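Working notes, beginning with the structure itself.
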There are 2 protein chains.
Amino acid sequence: MNKESKIPAPSIERLAYYSRPLEALLDSETPVISSEKLARLCGVNPAQVRKDLAYFGEFGVRGVGYDVRDLLVEIKKILATDRDWTLCIVGMGNLGSAIAENENFKKRGYKFVAAFDSDPTKIGRTLPCGLIIEPTSRIRESVRDLKIEIGVITTRPHEAQRFADLLMDSGVKAILNFAPVQIRTLECCKIENVDFAVKLEHLAYHIAKIL
Amino acid sequence: MNKESKIPAPSIERLAYYSRPLEALLDSETPVISSEKLARLCGVNPAQVRKDLAYFGEFGVRGVGYDVRDLLVEIKKILATDRDWTLCIVGMGNLGSAIAENENFKKRGYKFVAAFDSDPTKIGRTLPCGLIIEPTSRIRESVRDLKIEIGVITTRPHEAQRFADLLMDSGVKAILNFAPVQIRTLECCKIENVDFAVKLEHLAYHIAKIL
DNA sequence: GCGATATTGTGAAATATTGCACATAGTTGA
DNA sequence: TCAACTATGTGCAATATTTCACAATATCGC
Ligand SMILES: NC(=O)c1ccc[n+]([C@@H]2O[C@H](COP(=O)([O-])OP(=O)(O)OC[C@H]3O[C@@H](n4cnc5c(N)ncnc54)[C@H](O)[C@@H]3O)[C@@H](O)[C@H]2O)c1
Ligand SMILES: NC(=O)c1ccc[n+]([C@@H]2O[C@H](COP(=O)([O-])OP(=O)(O)OC[C@H]3O[C@@H](n4cnc5c(N)ncnc54)[C@H](O)[C@@H]3O)[C@@H](O)[C@H]2O)c1
């Protein structure tokens, strides 16, 4: 469609990876970095770094490199992480709680403003981060009232689709799903899946070959 | 190099995805499935399913489809998940504990046999799954004695490299890293990273475009 | 001011991955 | 036995992504 829609998805993901060492460099007051050094820090090819950035503008200075602070600001602008996002989490088991408690998300502007579970014994409990676990029946009005934009699903797999449907219908724009099932989504909602077991299986495949 | 090394990494990951609905189909006693139906369940192209499988053999029957049970067995053989794997986990914070407790991993043959932390107040504590948290100084001998093959890192980011080095040096064959840092590895050790925040940033990028 | 040096931005080549389209082969029913 | 049907396996074309290689442009020392 438009120009931006032709940007490779892997490039977008790499931008996020680039921002990690940049934050460290900013802390250590390194003013400038070359694509070569940044590439080495991220384990990619230097031309890749330049090309990824070039999709969005000319952020470097030829013969010099990239200003660390400026580049980080630009990347955050591109990824839309220069603003806060409002999230909720459905399924307050071990994983859901770990995510809700995680400081890194808060630091990066991901604000969890509601937590839901269908287990009656969990409802009403206060998490260390201050959130109170609500019944899943309150998802619809919470999403509306708190203007929740992203939903995180950490329920049992068999409930995942149901809550995804409910979240989408309530108006969330995106879902991050940790349940190991394929979620059917509507056009208006972007979904990303995280499945640790797939990564483990990938590792198993490779090391079994060697043995 | 050899034939297998030319198999695309995405194909390997998809095999793991295919196994999820296959397990459900096996439970519901569906004897046979076509590449078209399996593809729809996984949200991919049917030709992709056939091609991915064809890298490893001819598992289907023309005009019929794939026998669900046989296919699942074959995929598990390929991914080397038809056997048990011995794992340890370093960093028993919220995320580390959630992973150690997770039933799915155990069910799939990933056995956590040791848990380590450097926080003295955590050492000696018994987890619900029965593991006792040990000091990180015991990593080397535990990996050797328990023949641990895969290490999972869920420490603070700044400690991740140190423990990765220690795990590799102790003889683990693979590392699954959850700390948001680039880990430098040796040739003999395969690494996979899981970074939830990257996924969130990807979502943020897409939904910010729409708004 | 100018040559030597560094490093970006980018077109074009190389490589990797996906999807099409159809020959191939098994099944079913007459 | 054979025709009609179904769905796999696969060569090849299409697409996507990565990497190369170099012109463009900035800096530095003299
Ligand atoms: N923990 C992990 O490491 C991990 C890794 C990958 C995927 N996942 C997936 O994330 C999801 C949540 O995992 P988790 O580890 O947080 O699971 P968990 O068992 O801690 O809790 C998951 C949910 O199930 C409910 N639940 C758990 N036990 C229950 C019981 N006895 N009765 C009624 N309800 C109960 C909880 O209320 C919670 O909402 C699952 O789909 C899991 O497959 C988890
Ligand atoms: N929890 C998540 O959702 C999540 C998501 C993505 C990545 N991660 C990463 O995984 C790693 C672990 O995350 P977590 O949520 O389990 O972190 P956590 O804060 O629960 O614990 C992490 C580790 O730090 C130690 N620790 C924590 N607080 C401490 C303190 N006050 N004093 C001394 N030691 C302390 C713990 O002993 C533990 O080993 C981090 O690198 C984090 O960035 C976590």
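Nothing here was measured: the structure is a model prediction, and the numbers come from that model. Quick note on labels: first sequence line is chain A, next is B, and so on, each numbered from 1.
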Qualifying ring pair (Phe, Tyr, Trp, His ring centres under 6.0 Å) pairs, either residue in residues 157-200 of chain A, two or more places apart
A:Phe178-B:Phe196, A:Phe196-B:Phe178, A:Phe196-B:Phe196
Taking any atom under 4.0 angstrom from a heavy atom of chain B, which nucleotides of DNA chain D are the first and last to qualify, 5' to 3'?
D:dT6 to D:dC12
C:dT18 C1' sits how many Å from B:Ile7 CD1, rounded?
16 Å
Residues B:Leu22 and B:Val68: closest non-hydrogen pair is O-CG1, 3.7 Å
Members of residues 20-52 of chain B that approach DNA chain C, where some heavy atom sits under 4.0 Å away:
B:Asn45, B:Ala47, B:Gln48, B:Arg50, B:Lys51
Using whole Å, report how far CZ of B:Arg14 lies from C1' of C:dT18.
8 Å
Using side-chain heavy atoms (C-beta onward) and a distance below 4.5 Å, is A:Asp82 in contact with A:Val73?
no
Within the 4.5 Å heavy-atom criterion, are A:Phe112 and A:Leu131 side-chain neighbours or not?
yes
So, do B:Leu38 and B:Tyr18 sit near enough that their side-chain heavy atoms are less than 4.5 Å apart?
yes
Determine the interplanar angle of the B:His202 and B:Tyr205 rings, folded into 0 to 90°, and report it as parallel if under 30°, tilted if 30 to 60°, perpendicular if over 60°.
perpendicular
Over all heavy atoms of both residues, which pair between B:Leu127 and B:Met92 is shortest? Give the atoms and the distance, please.
CD1-CE, 3.5 Å
Given atom NZ of B:Lys6 and atom P of C:dT15, what is their separation to the nearest angstrom?
13 Å
